[in-house]
There are 2 protein chains.
Amino acid sequence: MRESAVKDRILGTASRLFYDQGYHVTGINQIIEEADIARASLYNHFPSKTDLLLAYLDQTHKEWFMALDAYLFPLAEPRDKILALFDYRIQRQRRLKYKGCHFNKITAETCEDEQVFRRVKMHKERFRQYIRDLVAQTQHHSSLDDEMLTDALFLLLEGGIAVGAMFRSSDDAEKAKLIAEFFL
Amino acid sequence: MRESAVKDRILGTASRLFYDQGYHVTGINQIIEEADIARASLYNHFPSKTDLLLAYLDQTHKEWFMALDAYLFPLAEPRDKILALFDYRIQRQRRLKYKGCHFNKITAETCEDEQVFRRVKMHKERFRQYIRDLVAQTQHHSSLDDEMLTDALFLLLEGGIAVGAMFRSSDDAEKAKLIAEFFL
DNA sequence: GGCAAAGTAGACAGACTTGTCTATTTTATG
DNA sequence: CATAAAATAGACAAGTCTGTCTACTTTGCC
């Protein structure tokens, strides 16, 4: 039997609230209410609020890369794929009302939890590797070597999204894309 | 008469805790305890926790630019000043244990407060302007125009610090500096 | 139909939260 | 020295938080 619909609704609601409002200001009571499920159901599926947080991070990580793969799939040229990385994140931010990167947000909120920290690092390192693989397939006319180009693209992307959150805008991510085009 | 030492101790303790642990997990009780002052003293100087937050942001903004000015003051060449921007932030992050930008952190925590939002935007826009002024004084051999170079530097800096917070490291900010040197 | 699993409703404990208030003591200054 | 301002200790209200528990109802499956 598939995962219960109740569990999905709990995690979905919690994820939305954790991202939109923040983890610490989101209470179990609010999750219960908005997901319209019983208190015991939540604690049956997730023994603690921390477990819910970790499930949120795992789920977000998984969904994030699946959506990215789907977004880049139609494109043939590695260079186009790299530029589409910017579009992917810009569109996503537009949909999410410019609240920034999920993993950046949770890092800013929960400083000490090692399990959270590990997931954040894993997600970002994997994204950097994703870029590295695309760069390796591209013949760019940049004076930077592949590794530095990878870092430049990664930092422009992360910077663009982070600044975008502070300005509630995609302007900086768009600028980041324009700058990236100069390298490629 | 100068501002009371008690007020300074309240704001100093609150600032440290807001940054280190996060705003929402820091309670008034903890601030009182660690600052070693009376409850009524806190509410006498700061009518609410939100006022304390705004004072924290104002104070941080002010101190941030003063320390930056002091850091760049000995340098003559605009190009050196630009590169020193990276060093300034790297050293600061090392001292702060790589918890990232104060304004990025508070943005991630408090989404809706317009007064917070305004201060964050103001701080970042002023920093961008700071870079823009330095770029205008530099004769760089970049194919990017002044405005794009400004954005590139700004985004590399912000990206480097944000990523550094997620990895608890200054590696990415160091890389950002190396990339920036190619432009200049 | 029967039976176990899953879900529900809601009370409850114990601790924490922000902010107010009173009463007292310390400090600074004319 | 006197007087006003500032700081203190601590009780208190009213609400929130997470997590546990009991009792009941619905659901799915053999």
Side-chain angles (χ1 to χ4, degrees), chain A residues 1-59 105-106 108-116, chain B residues 1-59 105-106 108-116:
Chain A
M1 178 191 173
R2 69 179 251 280
E3 287 279 299
S4 88
V6 168
K7 184 168 185 178
D8 287 349
R9 214 158 65 239
I10 296 169
L11 184 53
T13 303
S15 297
R16 175 174 55 81
L17 294 172
F18 288 169
Y19 181 71
D20 284 352
Q21 315 182 334
Y23 172 70
H24 283 113
V25 295
T26 301
I28 298 288
N29 295 330
Q30 190 184 7
I31 297 170
I32 287 166
E33 172 133 9
E34 296 203 15
D36 197 36
I37 50 96
R39 184 172 206 77
S41 298
L42 188 148
Y43 281 100
N44 180 43
H45 289 292
F46 304 97
S48 75
K49 195 183 171 186
T50 301
D51 289 278
L52 200 43
L53 171 59
L54 298 180
Y56 154 66
L57 293 176
D58 289 340
Q59 157 84 12
K105 278 200 85 173
I106 204 65
E109 264 200 280
T110 74
C111 301
E112 303 305 325
D113 192 311
E114 203 56 40
Q115 294 185 285
V116 171
Chain B
M1 177 194 171
R2 69 180 253 280
E3 286 279 298
S4 88
V6 168
K7 184 169 184 177
D8 287 349
R9 213 158 67 240
I10 295 169
L11 185 52
T13 304
S15 297
R16 176 174 53 80
L17 293 173
F18 288 168
Y19 180 70
D20 284 351
Q21 318 180 332
Y23 172 70
H24 284 113
V25 296
T26 301
I28 298 288
N29 295 329
Q30 190 184 6
I31 297 169
I32 287 166
E33 172 135 8
E34 297 202 16
D36 198 35
I37 51 95
R39 183 171 208 77
S41 299
L42 188 147
Y43 280 102
N44 180 44
H45 288 292
F46 304 97
S48 74
K49 194 184 171 186
T50 300
D51 290 280
L52 200 41
L53 171 60
L54 298 179
Y56 154 65
L57 293 176
D58 289 340
Q59 156 85 11
K105 279 201 84 173
I106 204 63
E109 266 201 279
T110 75
C111 302
E112 305 305 325
D113 192 311
E114 204 57 38
Q115 294 184 286
V116 171

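Quick note on labels: first sequence line is chain A, next is B, and so on, each numbered from 1.
Distance CZ (B:F46) to C1' (D:dA7): 15 Å, rounded to an integer number of Å. The distance between atom OH of B:Y43 and atom P of C:dT18, rounded to the nearest whole Å, is 6 Å. Note: CG (B:L42) to C1' (D:dT8) measures 13 Å, nearest angstrom. Separating the CG atom of A:L52 from the C1' atom of D:dG19 is a distance of 13 Å, rounded to the nearest angstrom. In this structure, A:K7 atom NZ and C:dA5 atom C1' are separated by 15 Å, rounded to whole Å. A straight line from CZ of B:R9 to P of D:dA6 spans 16 Å, rounded to a whole angstrom. Atom CG of B:N44 is separated from atom C1' of D:dA9 by 15 Å (rounded to the nearest Å). Per the geometry, CG belonging to B:D36 stands 10 Å off C1' belonging to D:dT8, to the nearest Å.
Partners of B:K49 under the salt bridge (charged side-chain N to carboxylate O under 4.0 Å, His left out) rule, at least two apart in sequence or in another chain, do not exist in this structure. A search for ring-ring contact (aromatic ring centres under 6.0 Å, His included) contacts involving B:Y19 returns B:H102, not counting sequence neighbours. The side chain to side chain donor-acceptor pair (under 3.5 Å) test applied to B:Q115 returns no partner, not counting sequence neighbours. Scored by the salt bridge (charged side-chain N to carboxylate O under 4.0 Å, His left out) test, B:R9 finds no partners at all (sequence neighbours excluded). Every ring-ring contact (aromatic ring centres under 6.0 Å, His included) that A:F18 has, sequence neighbours left out, goes to A:Y23, A:Y56. The side-chain contact (heavy atoms from CB on, under 4.5 Å) search around B:Q59 returns B:L11, not counting sequence neighbours. Not counting sequence neighbours, the partners of A:D58 by the side-chain contact (heavy atoms from CB on, under 4.5 Å) test are A:R119. The side-chain contact (heavy atoms from CB on, under 4.5 Å) check on A:E33 picks up nothing, with sequence neighbours excluded.
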Give the table of side-chain donor-acceptor pairs shorter than 3.5 Å for residues 37-46 of chain A, with sequence neighbours excluded, one pair per line with atom names and distance.
| unit_1 | atom_1 | unit_2 | atom_2 | d |
| --- | --- | --- | --- | --- |
| A:R39 | NH1 | A:N29 | OD1 | 2.8 |
| A:R39 | NH2 | A:N29 | OD1 | 3.4 |

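The side chain of B:H45 contributes no N or O atom lying less than 4.0 Å from OP1 or OP2 of D:dA6. For C:dT8, the OP1/OP2 oxygens have a side-chain nitrogen or oxygen of A:S41 closer than 4.0 Å. Dashed line: the shortest gap from a side-chain N or O of A:S48 to OP1 or OP2 of D:dT18 is not under 4.0 Å.
Remark: nothing in residues 10-21 of chain B comes within less than 4.0 Å of DNA chain D through any heavy atom.
If you check the side chains of A:T13 and A:E34, you find no donor sitting under 3.5 Å from an acceptor.
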Give me the distances for all protein-to-nucleotides 11-17 of chain C N/O pairs that come in under 3.5 Å?
| unit_1 | atom_1 | unit_2 | atom_2 | d |
| --- | --- | --- | --- | --- |
| C:dT17 | OP2 | B:N29 | ND2 | 3.2 |

Under 3.5 Å, which N/O atoms of the protein pair with N/O atoms of nucleotides 22-25 of chain C?
none

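Taking the side chain as every heavy atom from C-beta outward, A:L53 and A:D113 never approach each other to under 4.5 Å.
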